[in-house]
Amino acid sequence: HKMTGRLDGNGRIQALQHEVASGDVLFSFFPGIASAIVGADFGAYRGARLEYDGIPNRQMVSYRTPLPVRTGPWRGLGLLANTFAIESFMDEMAHAAGIDPLQFRLNHLTDSTLSRRFRNALETVAEMANWGGSLPGGRALGLAVNVDAQTVVAQIADVSVEDEQIRVHNVYCTMDPGFVINPDGAIAQAEGSIVMGLSSTFLEEITVKDGIIEASNFDRYPPLTLKEAPNIQVQLLGSGSEPTG
């Protein structure tokens with residue numbers, strides 16, 4: 001990922017560019033001619049678009065990069081890595097502007113339908129996490145929001161660092177999947193995604209030796225355990241008359 005931005009004197013982003021290079025995500029499973037017709041792998045750039053429509057100049061460029069090993073879909077395809085890159089950069093720009101990260105995001109939303117959904121998700125999750133309130137010593141909150149398959153998700157993680165070990169205490173999540181048919185199933189999707197995201201961040205890795213993946217079962221590929229999982233709160237923000245996601 002390479003991200004570039006320009007701020008004006010009032011701390012507003014005037015231009016934002018996101019360049020992302022990725023190995024194949026979906027092209028690995030399609031006929032070779034598909035890549036020539038489609039161009040960029042639409043699995044790789046999921047979530048890479050710059051959705052803050054209050055930014056007047058935005059550009060996203062996706063590069064297909066050959067890798068020495070065959071790659072394919074992860075949960076959410078490229079969404080996890082792309083959201084992490086964009087939202088981390090939004091934090092960097094908020095820091096450079098000297099503006100609270102939540103307010104900075106809200107400042108770059110308009111009155112469009114998507115912006116209103118973003119705003120509702122951000123403000124609701126901020127209220128859930130008591131954003132701006134006092135925290136125990138050594139604790140901090142991290143914020144992110146994005147949209148995929150017309151479903152808006154915002155999350156706040158309550159984290160600490162002790163002896164160079166990162167610990168996640170709480171994760172607050174708001175999800176707007178349009179019209180909600182099965183609330184329990186929708187909440188389970190969010191909870192499962194959070195656990196898998198944390199698991200991939202802290203524990204999971206694939207190693208290759210002599211051309212063969214070494215892990216053959218979960219003893220060599222440990223997922224997050226119940227003991228290591230944070231408290232998770234999910235609030236659904238159903239909107240509209242049609243389901244999405």
Side-chain angles (χ1 to χ4, degrees), residues 1-8 11-23 25-26 40-65 73-110 112-126 129 131 140-157 159 168 171-176 190 193-194 196-198 200-201 244-245:
H1 298 272
K2 180 181 178 182
M3 298 201 67
T4 310
R6 178 181 291 275
L7 292 164
D8 66 15
R12 299 294 296 266
I13 302 175
Q14 294 304 298
L16 191 61
Q17 183 186 56
H18 182 201
E19 296 178 275
V20 55
S22 173
V25 174
L26 295 177
D41 189 322
F42 50 91
Y45 65 73
R46 289 284 284 269
R49 292 182 48 159
L50 304 169
E51 302 289 358
Y52 292 94
D53 54 12
I55 302 171
N57 302 289
R58 293 170 285 163
Q59 183 185 53
M60 189 277 286
V61 183
S62 178
Y63 300 96
R64 184 187 182 206
T65 305
W74 204 8
R75 181 164 182 175
L77 308 179
L79 186 64
L80 187 154
N82 294 330
T83 300
F84 176 79
I86 293 171
E87 289 296 279
S88 295
F89 192 64
M90 289 293 288
D91 279 344
E92 291 185 35
M93 298 199 79
H95 179 75
I99 298 174
D100 172 81
L102 170 63
Q103 187 60 52
F104 187 76
R105 287 167 168 81
L106 295 174
N107 289 348
H108 292 92
L109 299 175
T110 66
S112 68
T113 299
L114 181 59
S115 274
R116 290 197 298 269
R117 295 174 72 199
F118 265 48
R119 187 179 303 277
N120 187 30
L122 284 167
E123 291 178 341
T124 304
V125 79
W131 183 275
L141 300 179
L143 172 69
V145 64
N146 209 335
V147 59
D148 186 62
Q150 301 179 59
T151 295
V152 174
V153 177
Q155 292 185 18
I156 291 176
V159 304
V168 181
V171 175
Y172 307 92
C173 173
T174 51
M175 180 167 68
D176 176 4
S193 296
I194 290 166
M196 291 184 76
L198 292 172
S200 66
T201 300
T244 67

Are Ile194 and Cys173 close enough, and set up right, to give a side chain to side chain contact (heavy atoms under 4.5 Å, CB included), and what steps lead you there?
CA-CA 9 Å; Ile194 290 166; Cys173 173; 4.0 Å; yes
Determine yes or no for a side-chain-to-main-chain donor-acceptor pair under 3.5 angstrom, with Ser200 supplying the side chain and Gly197 the backbone.
yes
Apply side chain to side chain contact (heavy atoms under 4.5 Å, CB included) to the pair Asp100 and Trp131, showing each step before the final yes or no.
CA-CA 10 Å; Asp100 172 81; Trp131 183 275; 3.0 Å; yes
Using the test salt bridge (Lys or Arg N to Asp or Glu O under 4.0 Å), find all partners of Asp176 that sit at least two apart in sequence or belong to another chain.
Arg117
Heavy atoms of Leu141 and Ala129 approach each other most closely as CD1-O, 4.0 Å
Search all heavy atoms of Ala121 against all heavy atoms of Val152 and return the closest pair with its distance.
CB-CG1, 3.9 Å
Do the side chain of Asn146 and the main chain of Gly47 share a donor and acceptor less than 3.5 angstrom apart?
yes
By side-chain contact (heavy atoms from CB on, under 4.5 Å), Ala81 pairs with (sequence neighbours left out) His1
Sorted by chain and residue number, the salt bridge (Lys or Arg N to Asp or Glu O under 4.0 Å) partners of Arg58 (sequence neighbours excluded) come out as none
Distance in Å, Leu109 CG paired with Ile55 CD1, rounded so as to fall on 0.5 Å steps:
9.0 Å
Quick one: does His18's side chain have a donor or acceptor within less than 3.5 Å of a partner on Leu50's backbone?
no
One should read off an interatomic distance between Gln59 CD and Thr4 OG1, to the nearest 0.5 angstrom, of 10.0 Å
Write down the atom of Val20, the atom of Ala48, and the distance for their closest heavy-atom approach.
CG1-CB, 4.3 Å
Sub-3.5 Å donor-acceptor pair from the side chain of Asn82 to the main-chain atoms of Ala44, do we have one?
yes
Are the side chain of Asn120 and the backbone N or O of Glu123 linked by a donor-acceptor pair below 3.5 Å?
no
Not counting sequence neighbours, list each pair that qualifies as a ring-ring contact (aromatic ring centres under 6.0 Å, His included) and has a residue in residues 74-98.
none
Kindly indicate whether the side chain of Val125, heavy atoms from C-beta on, has any atom under 4.5 Å from the side chain of Leu143.
yes
Measuring from His108:NE2 to Ile99:CD1, what's the distance to the nearest 0.5 Å?
7.5 Å
Taking it one step at a time, do Leu16 and Met93 satisfy side chain to side chain contact (heavy atoms under 4.5 Å, CB included)?
CA-CA 10 Å; Leu16 191 61; Met93 298 199 79; 3.9 Å; yes
Name all residues meeting the salt bridge (Lys or Arg N to Asp or Glu O under 4.0 Å) criterion together with Arg119; count only those two or more places apart in sequence or in a different chain, and write none if there are none.
none
Say you draw a straight line from CZ of Arg6 to CD of Gln17; how long is it, rounded to the nearest 0.5 Å?
12.0 Å
Which heavy atom of Leu102 sits nearest to which heavy atom of Ala126, and what is that distance?
CD2-CB, 3.5 Å
I'd like to know if the side chain of Glu87 reaches the main chain of Val145, judged simply by a donor and an acceptor atom lying under 3.5 Å from each other, with no hydrogens or angles considered.
yes
State which residues pass salt bridge (Lys or Arg N to Asp or Glu O under 4.0 Å) with Asp91; sequence neighbours excluded, sorted by chain then number.
Arg105
Would you compute the distance between atom OH of Tyr172 and atom OG1 of Thr124 and round it to the nearest 0.5 angstrom?
14.5 Å
Measure from the side-chain N and O atoms of Arg64 to the backbone N and O of Asp41, and report whether any donor-acceptor pair falls under 3.5 Å.
no
Before giving the answer on side chain to side chain contact (heavy atoms under 4.5 Å, CB included), spell out for Val153 and Asp148 the whole-Å C-alpha distance, their side-chain angles and the decisive distance to 0.1 Å.
CA-CA 8 Å; Val153 177; Asp148 186 62; over 6 Å; no
